[in-house]
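Report on one structure; see the data block that follows.
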Amino acid sequence: MPTISANMAYEHKAIETKWRKEWVKRSTYRVANDPSKPKYYVLDMFPYPSGAGLHVGHPLGYIASDIVARYKRHQGFNVLHPMGYDSFGLPAEQYAIQTGQHPAKTTEQNAARYREQLDRIGFSFDWSREVRTSDPAFYEWTQWIFLQLFDSWYDPRADKARPIADLIARLESQGCQGQDASILTGDIEEFVGEFTAEEWKAFDERTRQMVLQHFRLAYLSEAWVNWCPALGTVLANDEVKDGVSERGGHPVERKRMPQWSLRITAYAQRLLDGLDQLDWSESIKEAQRNWIGRSEGALVRFPVGEDFIEVFTTRPDTLFGVTFLTLAPEHVLVGKFTTEEQRAAVEAYVNKAKNRSERERQADVEHVSGVFTGSCAKHPFTGADIPIWVGDYVLAGYGTGAVMAVPGGDQRDWRFAKHFGMPIIAVTEGADIEKEADESKEATISSEGFLKGLKVPAAIQRAIAELEKLGAGEGRVNYRLRDAAFGRQRYWGEPIPIYYKDDIPYPVAEQDLPLVLPEIDKYQPTETGEPPLARAKDWSYEGYPLETTTMPGWAGSSWYFLRYMDPKNKERFASQEAIDYWGQVDLYVGGSEHATGHLLYFRFWTKFLHDRGWIPFDEPAKKLVNQGMIQGVSQYTAFASFGGSPESEFTDRFVLKTGEFFEVPRRWDGFRQYFFSLELLDSLDSWNSVAVGPEQLVPVAMDVRFVDNSCLDVSKVQLKDTRPEVRDGVFFATSGYWVDGQYHEFQKEARHFETRPVVEKMSKSKFNVVNPDDIIERYGADTLRLYEMFLGPIEQSKPWDTNGIEGTYRFLRKFWNLFHTGSPSETPVPSTHGVDPLPLTNDAPTKEELRVLHATLKKVTEDIERMSFNTSVSQFMIATNELGALKCNKRAVLEPLVIVLAPFAPHIAEELWQKLNPEKYASDTYKGVLAEPWPAFDPQYLVEDSFNYPISFNGKTRLQLEFPIALSKEEVEAAVLANPEVQSRLEGKAPKKVIVVPRRIVNIVV
RNA sequence: ACGGACGUGGCGGAAUUGGUAGACGCGCCAGACUUAGGAUCUGGUACCGCAAGGUGUGGGGGUUCGAGUCCCCCCGUCCGUACCA
């Protein structure tokens, strides 16, 4: 006869293991494309499966999105909540270079480890939809999209991408007019000449293909790239930090080489405009705006003999203040305009500037350098001679790589002019050009010429109009955004499906995709400096050589959200029906570090696929939430190493300022490492009569696994620490010291060794990594989930403090106990469906119990909607405390709470739900608590009869008075004034004013 | 330098529309139970003060009957970008 489990304890391990299995068995999280139900798409940025595994910071966003996904399922949505791996990447390749292991193998192992860790946390991911970017079945479609980009051009008239065939048809009928070229090519060294339709038809195949390169959205061109000699590869701008590679920290130099690029610049304006419609954080949107860097101005051509120099300026109004031009050292025209007399000097300067790292050039803002080319250009308006200089303050990659220098209106030009003694013309009224340039945009133009007397904005308009009239320039919008370098001299990436015939790139036929990554013997560049793929045998297509660079890390992640919709499709990247059904991502959760990388390319590819008619929307994610970082709390102790020969001393003697001393026997070799407890730091006086102060002490991080509440467990350290010098150290505290695993006590106190907590990044090197597996082992996944949410707002960074987790664990136990501490009924109820019943009653709830229930339903529902999970957790705690105090064991109250807790703590909720409704689980197709509708809150239970008014005098609360809420303002006022305590505070005087805000406050102004 | 976010007890944080600042949790203090506790339960805990009372949301000013919340100035922290023409 089963007994009622009145005092059954909450056993997280048994419960969680049971449901992990059961959910798999029941396919609880399998999602079908079911158009009969409304959809909701919750996406997490998928991880790169690194060898280190997950720490507690990684799942933060996944937990938040999982709560939303589960909540939406309770609300009747068909929820797509998938997970996969961004599995191409550098660490696996570097590991492969070191060990010779195939990156696919280590990637596989790491992914399996991630999967194990993720499974333990109880996510509702539909793993049947898992994608991996390194899986040929996935990258087949990454390659396919690349081919579509190759096969497209950006039509500025339609303001969208179109098939290259449309362009060819245009060229055949109309040729190429000047405007096309200038709009479609951003880089200074690319210039598409004008040609007629007849000329186009006369071009040979090679010439035609060369011309088309200038239009394709994926194109091969000579481009300035960040070349990293140490890695033997080219890096994207955002992979270079401070002149060194982001990974590895190797120096990077600028170099010109043939390079596959994607013409993201064609989308600059649309990427900018699209931001306004997105429910993304302002900081991310601002970061993208700055990255795109739109500026309005003019393109001005300064004639040089038969040739000309083109500059971009945002201040064409200052044209009459131009006294020289400055070219970037890398500018292609530098050589052409250098006179023989100046050649040696210019070449020396250019070489020096080129060899200077980006970092040096950035750091050296104070020092002005440059050289005169010996040539002059003509001012387009005045015809005056304008000397042409070269200066490294001008960047090759921005604008045209050349500036018109207006020392009166630009501080950098001013410093350059001052340094080289060039004339400075005042361009604005009231400018003191002896002291500095006037960059004000509210000024009035004062330089001689037709702009004199105009305000800056009017002068800009006029200058542009005059330039256009003369054919010397035109209005122009410039973007900081550069085309994205798309080739990598690496192995572990998607092969670019291109082959070369006569050095001209041609696409691999779609039916021959995927172009599978070949096996190679070594994962390094070849001896001749070619990419690793050049090592592959028969790396050719129909007898022609294949491209040997591979795609960058961001290729797969730019479109992966579409593949989840239909991950097994062999005919298409996803079926039209699946795309139409799932549509945009409704909620995207991930780190803000992807602000200008992934999140920009993600939008770019979506817009492109939209333009070509493959998908019906042109933004990938409607709402984006950036989870904050979870920082680690490192635990530092002070360390000192003292040494001498073993003969000189046999004991070490430490004296404290108080006069107390400790003596420790020396180790056989005479050296010892000493660690001091925090409270000793200021009281240390000397070691063997040598003064010891804080300056000799070095902070050393202790492994946080050995620290509890800033109290170090020294015996564990001496047994288990991975660092021998730490293990063998002597640890001093006020109470005693530890040496060679022995504790020696000075005082009859509890042994206590104190560490100093410091909040910083969670990383292995700081010994502050907390592994979710350890937490789950001790407290369970539900506690982990709740605690991660309870720490604070999802978007905020906050330190992980394992000490606090007890609170949420206690809460779950209390919640569990609510269901198990009811008075046992006189006749034991037999278990049904193998589940013991709970000691609950079917009695009608009291008003107070209903109030607690519905206040919780309301709060939790609203909190999930605005993703304020920390406050919903506290509401659960409040409800549990209150119901516990009420000794509530009524099914009608407790049952709905199980459902609303389920998104947060799915295992315990499922277990309780099964105990409440064992019969439902008899069916194998029952999806458990997740299938239950979200309980609606009923406002009637929250209506109070009376309100306890705070009565304030001049805004300061003095007392509280309770009145029925039915009372009118006037009645409340009268009642308040009639109150004896209020009267005594008024001291007989009449109040100046009484403010009554119903159900809020009463304020008496005296 | 510019752009963004933020600043509340010993700590993480709450206060959703201008209306009782400090919810909830950690920690700490006291007590109960216990052979014991790093278990559990109860109570307390912003600061100053014996108290009455006063002070208080980075600092200064303002709007308002009333400001953590709105406005202006300043200080500080974190993140991003940067000779951007």
Side-chain angles (χ1 to χ4, degrees), chain A residues 238 281-291 293-295 297 311-315 318 326 328 361-366 368 391-395 397-406 409-413 415-416 439 478-480 592-593 595-596 626 628-629 633 708-711 757 759 786-787 790-793 795-808 810-811 813-814 817 859 862-863 865-866 868 870-878 881 948-960 991-997 999-1006:
Chain A
D238 44 319
S281 77
E282 205 43 51
S283 60
I284 294 283
K285 292 206 257 185
E286 242 350 89
Q288 294 210 347
R289 287 189 190 107
N290 292 339
W291 193 260
R294 180 193 156 102
S295 51
V311 303
F312 174 74
T313 176
T314 55
R315 295 292 302 274
T318 62
T326 313
R361 271 168 77 170
Q362 271 175 38
D364 192 12
V365 181
E366 295 308 308
V368 175
D392 69 1
Y393 77 98
V394 179
L395 304 177
Y398 184 73
T400 61
V403 300
M404 58 175 225
V406 184
D410 183 290
Q411 191 57 28
R412 286 157 308 175
D413 296 342
R415 291 213 338 260
F416 198 83
E439 299 187 341
N478 190 57
Y479 300 91
R480 196 183 76 105
S592 56
E593 67 272 21
T596 52
N626 303 113
M629 273 222 293
V633 179
D708 193 6
N709 244 325
S710 292
C711 176
V759 173
L786 277 168
Y787 186 56
F790 186 62
L791 278 176
E795 286 173 282
Q796 211 165 293
S797 286
K798 56 245 159 183
W800 175 271
D801 175 13
T802 302
N803 296 320
I805 202 168
E806 295 282 352
T808 45
R810 261 197 285 274
F811 153 70
R813 279 205 310 259
K814 285 193 221 168
N817 289 340
K859 176 83 177 138
E862 289 171 357
D863 282 349
E865 292 285 351
R866 62 193 179 101
S868 172
N870 54 329
T871 51
S872 24
V873 176
S874 75
Q875 180 61 38
F876 284 127
M877 291 173 171
I878 293 167
N881 291 343
N948 199 15
Y949 279 90
I951 312 299
S952 58
F953 288 76
N954 293 336
K956 291 191 192 290
T957 309
R958 292 298 179 219
L959 66 148
Q960 307 213 326
K992 275 189 196 148
K993 200 172 177 183
V994 178
I995 286 121
V996 176
V997 184
R999 301 208 55 204
R1000 275 275 154 80
I1001 200 168
V1002 176
N1003 191 15
I1004 299 168
V1005 188
V1006 291

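Source: prediction; values computed, not measured. Scope of the values below: all heavy atoms of this structure, side chains included, with no hydrogens, waters or symmetry mates. Labels below follow one simple rule: chain letters A, B, ... track the order of the sequence lines, proteins then strands, and each chain is numbered from 1.
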Discussion item. Is it true that Y398(A) and S295(A) share a donor-acceptor pair across their side chains at a distance under 3.5 Å?
Written reply: yes
Practice prompt. Take atom CD1 of I878(A) and atom P of C24(B), then tell me their distance rounded to the nearest Å.
Written response: 6 Å
Worksheet item: What integer number of Å spans the P atoms of G19(B) and G10(B)?
Response: 25 Å
Worksheet item: G12(B) and C28(B): how far apart are their C1' atoms, nearest whole angstrom?
Response: 16 Å
Below 3.5 Å between N/O atoms, which protein atoms pair up with nucleotides 15-19 of chain B? Just atom names and distances, please.
| residue | atom | partner | partner atom | Å |
| --- | --- | --- | --- | --- |
| U16(B) | O4 | K859(A) | NZ | 2.9 |

Discussion item. Please report the distance separating the C1' of A51(B) from the corresponding atom of C6(B), rounded so that it comes out in whole Å.
Written reply: 40 Å
Discussion item. Can you confirm whether E286(A) sits close enough to R289(A) that some side-chain heavy atom of one is under 4.5 Å from a side-chain heavy atom of the other?
Written reply: yes
Fill in: Listed partners of R480(A) passing salt bridge (Lys or Arg N to Asp or Glu O under 4.0 Å), at least two apart
none
Response to the item:
Atom CD of Q288(A) and atom C1' of C79(B) are separated, to the nearest Å, by 16 Å
What N/O pairs connect the protein and nucleotides 36-45 of chain B at under 3.5 Å? Give each pair on its own line.
| residue | atom | partner | partner atom | Å |
| --- | --- | --- | --- | --- |
| U40(B) | OP1 | R813(A) | NH2 | 2.2 |

Item to complete: Could you tell me the separation between the CD1 atom of I805(A) and the P atom of C26(B), rounded to a whole number of Å?
Response: 12 Å
Worksheet entry | G61(B) and G13(B), which share atom name C1', separated by this distance in whole Å | 29 Å
Discussion item. Just checking Y787(A) against W800(A), ring centres under 6.0 Å apart?
Written reply: yes
Item to complete: For the side chain of T957(A), starting at C-beta, report the closest nucleotide among A21(B), A23(B), C83(B).
Response: A21(B)
Worksheet item: What is the ring orientation for Y393(A) with F416(A), classed by angle as parallel under 30°, tilted 30 to 60°, or perpendicular over 60°?
Response: tilted
Worksheet item: To the nearest Å, how far apart are Y393(A) OH and C84(B) P?
Response: 11 Å
Practice prompt. Report the residues that fulfil side chain to side chain donor-acceptor pair (under 3.5 Å) with Q796(A), sequence neighbours left out, ordered by chain and then residue number.
Written response: none
Response to the item:
Here the distance between atom C1' of A52(B) and atom CZ of R958(A), to the nearest Å, is 12 Å
Worksheet item: Just how far, in rounded Å, is P of C24(B) from CG of L786(A)?
Response: 17 Å
Discussion item. Going by the rule side chain to side chain donor-acceptor pair (under 3.5 Å), which residues pair with K814(A) if we only count those two or more places apart in sequence or in a different chain?
Written reply: N881(A)
Response to the item:
Taken in chain and number order and not counting sequence neighbours, the residues that satisfy ring-ring contact (aromatic ring centres under 6.0 Å, His included) with F790(A) are none
Worksheet item: U8(B) and C24(B): how far apart are their C1' atoms, nearest whole angstrom?
Response: 15 Å
Worksheet item: So what does S874(A) touch, heavy atoms closer than 4.0 Å: a base, only the sugar-phosphate, or nothing?
Response: base
Worksheet item: Listed by chain and number, what are the ring-ring contact (aromatic ring centres under 6.0 Å, His included) partners of F876(A), not counting sequence neighbours?
Response: F904(A)
Worksheet item: Expressed as a whole number of Å, how far does the P atom of G25(B) sit from that of U42(B)?
Response: 11 Å
Worksheet entry | Under 3.5 Å side-chain donor-acceptor pair for N948(A) and Q960(A) | yes
Practice prompt. Mind checking D413(A) for me? I need base, sugar-phosphate or nothing, with any heavy atom below 4.0 Å counting as a touch.
Written response: nothing
Worksheet item: When the C1' atoms of G9(B) and G68(B) are considered, how many whole Å apart are they?
Response: 14 Å
Worksheet item: What nucleotide, of A85(B), G3(B), U20(B), holds the atom closest to the side chain of Q960(A)?
Response: U20(B)
Pairs under 3.5 angstrom, nitrogen or oxygen only, protein versus nucleotides 11-13 of chain B, please.
| residue | atom | partner | partner atom | Å |
| --- | --- | --- | --- | --- |
| G12(B) | O2' | L791(A) | O | 2.5 |
| G13(B) | OP1 | Q796(A) | NE2 | 2.9 |
| G13(B) | O3' | N870(A) | ND2 | 3.3 |

Worksheet, complete the sentence: Contacts of K859(A) meeting salt bridge (Lys or Arg N to Asp or Glu O under 4.0 Å) (sequence neighbours excluded), chain-then-number -> D863(A)
Worksheet item: From C65(B), C24(B), A21(B), pick the nucleotide closest to the side chain of N881(A)?
Response: C24(B)
Practice prompt. Take the protein atom CG of N290(A) and the nucleotide atom P of G3(B), then report the distance between them rounded to whole Å.
Written response: 9 Å
Discussion item. Among residues at least two apart in sequence or on other chains, which ones pass side chain to side chain donor-acceptor pair (under 3.5 Å) with D801(A)?
Written reply: N803(A)
Worksheet item: Could you give the CG-to-C1' distance, from D410(A) to C83(B), as a whole number of Å?
Response: 9 Å
Item to complete: Would you write the dot-bracket representation of RNA chain B, where each base gets (, ), [, ], | or . depending on whether it forms a Watson-Crick or G-U pair under 3.5 Å and with which partner?
Response: (((((((..(((......[....)))((((((.......))))))(((....)))..(((((..]....))))))))))))....
Worksheet item: Is there a side-chain polar atom (N or O) of R415(A) under 4.0 Å from OP1 or OP2 of A85(B)?
Response: no
Discussion item. By nearest heavy atom, map N954(A) and S283(A) onto RNA chain B; which one lands nearer the 5' end?
Written reply: S283(A)
Discussion item. Nearest heavy atom decides the nucleotide; on that basis, is G804(A) or R315(A) closer to the 5' end of RNA chain B?
Written reply: G804(A)
Worksheet item: Is a side-chain donor-acceptor pair under 3.5 Å present for T871(A) with S868(A)?
Response: yes
Practice prompt. Salt-bridge test for E806(A) and R813(A): reply yes if a basic N is under 4.0 Å from a carboxylate O, no otherwise.
Written response: no
Worksheet entry | Closest non-hydrogen atom pair, P757(A) against V633(A) | CB-CG1, 3.7 Å
Worksheet entry | Rounded C1' spacing from U77(B) to C26(B) in Å | 24 Å
Worksheet entry | With sequence neighbours excluded, residues passing side chain to side chain donor-acceptor pair (under 3.5 Å) with S797(A) | none
Item to complete: Among the candidates G54(B), A85(B), G3(B), find the nucleotide nearest to the side-chain atoms of L395(A).
Response: A85(B)
Discussion item. Under 4.0 Å, counting only non-hydrogen atoms across every strand here, what does R294(A) touch: a base, just sugar-phosphate, or nothing?
Written reply: nothing
Worksheet item: Hey, is G7(B) sitting syn or anti, using the within-90° cutoff around 0?
Response: anti
